[in-house]
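Take a look at the structure set out below.
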2 protein chains.
Amino acid sequence: MVSIKDVAKAAGVSDKTVSRVVNREPNVSTDTVEKVRSAIDRLGYIPNLAARSIRSSRSGIVGIITDYVSTTPYSGDIVRGIQAWAEAQGRTVLLASTNGDPHREREVWRTFQAHRLDGVLHVAMYRRVVEPENGDIHIPTVLVNARPKRAGSFHSIEPDDFGGSRALARHLLELGHRRIGYIRLNPLLLGANERYEAFRETLQEAGLGQADLDVRLGMEGPIGEEENFVFRETTAMLSAPDRPSAVACGNDEMALQAYLAALQLGLRVPQDVTIVGFDDFRTISLALKPELTTVALPYFDLGWQGAEILDGVIAGPAESGRNRSLECRLVPRASSGPPHQA
Amino acid sequence: MVSIKDVAKAAGVSDKTVSRVVNREPNVSTDTVEKVRSAIDRLGYIPNLAARSIRSSRSGIVGIITDYVSTTPYSGDIVRGIQAWAEAQGRTVLLASTNGDPHREREVWRTFQAHRLDGVLHVAMYRRVVEPENGDIHIPTVLVNARPKRAGSFHSIEPDDFGGSRALARHLLELGHRRIGYIRLNPLLLGANERYEAFRETLQEAGLGQADLDVRLGMEGPIGEEENFVFRETTAMLSAPDRPSAVACGNDEMALQAYLAALQLGLRVPQDVTIVGFDDFRTISLALKPELTTVALPYFDLGWQGAEILDGVIAGPAESGRNRSLECRLVPRASSGPPHQA
DNA sequence: AAACTAAATGTCGACGTCGACATAGCTGAT
DNA sequence: ATCAGCTATGTCGACGTCGACATTTAGTTT
């Protein structure tokens, strides 16, 4: 492997001068620069970052720790956001996954420490409260799509499920819906309660009562092996004589099943029943016909901005912005419309 | 940062002895090991892999280059497979993405070279022919879910779309279907043609003629911004008087739209029409009711086995198994049944 | 022309680790 | 008592880079 010394020899200068050229230091004569550049190209020299790292004790690498990658394909966007940021910064990204195993997580932290990472993004694939298992290893860390167990122990960034759900509820109210069904997410998910509470609260503020909201539990059980009642419950809900004119679902996967239930009952979306989702998981929301009204989760930006926050923490532990929250925007599409005039 | 020398001092031995303990070398007395171990724990020493890397010129890191991560969420499983393997090997994974930009890809290769990666997995998110833009950088490389442009230039591993599609066609024939619809994938995808050809061929071998197979194009246009005709075409196909008793779709996302089309026409799956997909993208295939008969793509194993092959290439450029192919298994579920006895 | 300044380049060593080699201590055979 | 043959441990230097500092060269001032 060609080193700085080989280049130096080829260019007839000292290794330090090559280093200066590579790092764009001032006070190098133009023709020296020229000579060195050409030698570098000729030999195909590429600086050894490991060596740099050991001299400067900064690796230029940030790590990503994820938990359950498989179960939620969309939140891969978080990783994409982080990568895009890293790319723009000329940093590199080391990826590790724990599958939710604390023992495995401790190993990951050790590995990260061994690589002398500059910082770590601890990414949760579904939003939840998190207590990083970092042992006594201290690397600047930011939680993404999660919040720290002990408030203030970590910086973090989360989506504003609450606000998004309010926007969704307002959308249905504005369309004129007064009897509304709601299919709840697995209560284990942090977003589940916020989405539901925001929804219920908004409807109540608009004067709707207990009886106007038909709430059903769509999923239950441990993550990755939950039981799914969405189809059954939606079918039941829409078969009732006083069926709601709109059904809001905890996420888009549930909305898909609600579509199927509605269609099998011979109901048309949105003429007979409005269906809305949450997440804007585009593989589903755009594949559904009519396309699905939903709320977009800013996964990419969670990653990007999480990385930005991390950068700040690395530069110097600033105390500001400990817990950032990102807006979830309503995405109105064709699956929502005014209630059928019965 | 605590180094091997700090540990040596604390334990009252030489740094080399600490190194021996850390690397489990023989011929160290048990109580020396004990002393050193305790010092390591006390100080929280973790070996610096960068330093190790510069001495041994092997980093223990493998890189993943992906192209379009966003468009195909399921193939994130490939990355999971690679990670799982790396974890088992005590290696680490560096992740980079090109978004299909050749310029960006060259940068990635430079970065990988700068980190002195042991090997690279060049992962395509949809199966295709690939020519890595690695400039004059030579790191052991394996193509995953892709095949090299110049045969033999790289080792590679791909799914056997052809075999999977044959199995699917046979499944429909065995159920008794004799009029079959087929919704084709975007012809840009390598899998598209193989799937279609295998399907057509299998039906022909069984004696079905041109007229028994209704083929429609479901998608067209550049990846990520293709036009989607699936819903329209399926609706047309199923509205025809001599409608097929089964519809096979190029992938599960298309199958989802075929479901919607069928249901909106008042057809029941599978009593009135059988619908099958391809990919076993479980977010869809399991959410559909009835659950979708499909063909599972071995994404996880593509990653894992691709990594294994890479390991072999790193160890010594073995010439065997240049181009491995992995079986795609039929996953029979409830969406396929015998044709309706009209 | 002497004296000084600024720019250009070089020398050296340290970062953390471990291979090559050297040395010290012990056992047992002669 | 001597020496071979172990095992246990230590010393040294090199990997590739770059900061601290030293030296040389060119340019400016008086």
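Keep in mind that what you see is a predicted model, and the values were worked out from it rather than measured. Throughout, a chain's letter reflects where its sequence line sits, starting with A, and its residues are numbered from 1.
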Inset, instruction - Would you kindly check whether a donor in the side chain of A:K5 faces an acceptor in the base of D:dG16, or vice versa, at under 3.5 angstrom? - result: no

Inset, instruction - Round to the nearest Å and state the distance from A:E25 atom CD to C:dG10 atom P. - result: 13 Å

Inset, instruction - Could you check whether A:T32 gets within reach of a base, just the sugar-phosphate, or nothing at all, counting any heavy atom under 4.0 Å? - result: sugar-phosphate

Inset, instruction - Give a yes or no on whether the backbone of A:S59 and the side-chain of A:D118 come within a donor-acceptor separation of less than 3.5 Å. - result: yes

Inset, instruction - For a side-chain contact (heavy atoms from CB on, under 4.5 Å) with B:L302, tell me which candidate from B:I82, B:L297, B:V144 qualifies. - result: B:V144

Inset, instruction - Hey, which sits more toward the 5' end of DNA chain C by its nearest nucleotide, B:S19 or A:V28? - result: A:V28

Inset, instruction - Would you indicate what A:V22 reaches in the nucleic acid, counting non-hydrogen atoms under 4.0 angstrom: base, sugar-phosphate, or nothing? - result: nothing

Legend entry - Any N/O donor-acceptor pair, A:R55 side-chain to C:dC15 base, under 3.5 Å: no

Inset, instruction - Starting from P on D:dA26, measure out to CG on A:D31 and report it in whole angstrom. - result: 12 Å

Can you give me every donor-acceptor pair (side chain of residues 44-58 of chain B, partner residue at least two apart or in another chain, under 3.5 Å) with its distance?
residue: B:N48; atom: OD1; partner: B:A50; partner atom: N; Å: 2.8
residue: B:N48; atom: OD1; partner: B:A51; partner atom: N; Å: 3.2
residue: B:S56; atom: OG; partner: B:R52; partner atom: O; Å: 2.9
residue: B:S56; atom: OG; partner: B:R58; partner atom: N; Å: 3.4
residue: B:S56; atom: OG; partner: B:R58; partner atom: O; Å: 3.4

Inset, instruction - Pick base, sugar-phosphate or nothing for B:P26, based on heavy-atom distances below 4.0 Å to the nucleic acid. - result: nothing

Inset, instruction - Starting from the C-alpha separation in whole Å, work towards a yes-or-no answer on salt bridge (charged side-chain N to carboxylate O under 4.0 Å, His left out) for A:D6 and A:K9. - result: CA-CA 5 Å; A:D6 302 314; A:K9 203 172 297 170; 5.2 Å; no

Inset, instruction - Would you indicate, yes or no, if D:dC15 has its OP1 or OP2 atom less than 4.0 angstrom from a side-chain nitrogen or oxygen of B:S56? - result: no

Inset, instruction - For the residue pair B:F300 and B:W304, categorise the inter-ring angle as parallel (less than 30°), tilted (30 to 60°) or perpendicular (more than 60°). - result: parallel

Inset, instruction - With side-chain contact (heavy atoms from CB on, under 4.5 Å) as the test, would you mind laying out the steps for B:N134 and B:F154 before giving the verdict? - result: CA-CA 12 Å; B:N134 56 352; B:F154 291 92; 4.1 Å; yes

Inset, instruction - Under 4.0 Å between any heavy atoms, over every strand shown, what does B:S14 touch: base, sugar-phosphate, or nothing? Just pick one. - result: base

Inset, instruction - Take atom CG of B:L49 and atom P of C:dT17, then tell me their distance rounded to the nearest Å. - result: 9 Å

Inset, instruction - Would you kindly give the CD1-to-P distance between A:I4 and C:dG10, to the nearest whole Å? - result: 12 Å

Inset, instruction - Respond yes when some side-chain nitrogen or oxygen of A:N27 is under 4.0 Å from OP1 or OP2 of C:dT9, and no when none is. - result: no

Inset, instruction - Using whole Å, report how far CZ of B:R20 lies from P of D:dT11. - result: 11 Å

Legend entry - Residue A:K16, side-chain atoms from C-beta onward, closest of D:dG16, C:dG10, C:dA20: C:dG10

Inset, instruction - Report the distance from atom CD1 of A:I40 to atom C1' of D:dT17, rounded to the nearest whole Å. - result: 13 Å

Inset, instruction - Write down the distance between CZ (B:R58) and P (C:dG19), rounded to a whole number of angstrom. - result: 13 Å

Legend entry - Rounded distance (Å) that lies between atom C1' of D:dC15 and atom CD1 of A:I54: 8 Å

Legend entry - N/O (side chain, A:R52) to phosphate O (OP1/OP2, D:dC18) under 4.0 Å: yes

Inset, instruction - For D:dT17, take OP1 and OP2 only and decide whether either is under 4.0 Å from a side-chain N or O of A:N48. - result: no

Inset, instruction - Go through D:dA8, C:dT17, D:dT17 for me and flag the one nearest to the A:Y45 side chain. - result: D:dT17

Inset, instruction - May I ask you to say what B:N23 touches in the nucleic acid, namely base, sugar-phosphate or nothing, with a heavy-atom cut-off under 4.0 Å? - result: sugar-phosphate

Inset, instruction - Look at the side-chain N and O atoms of A:T17 and state whether any lies under 4.0 Å from the OP1 or OP2 oxygen of C:dG10. - result: yes

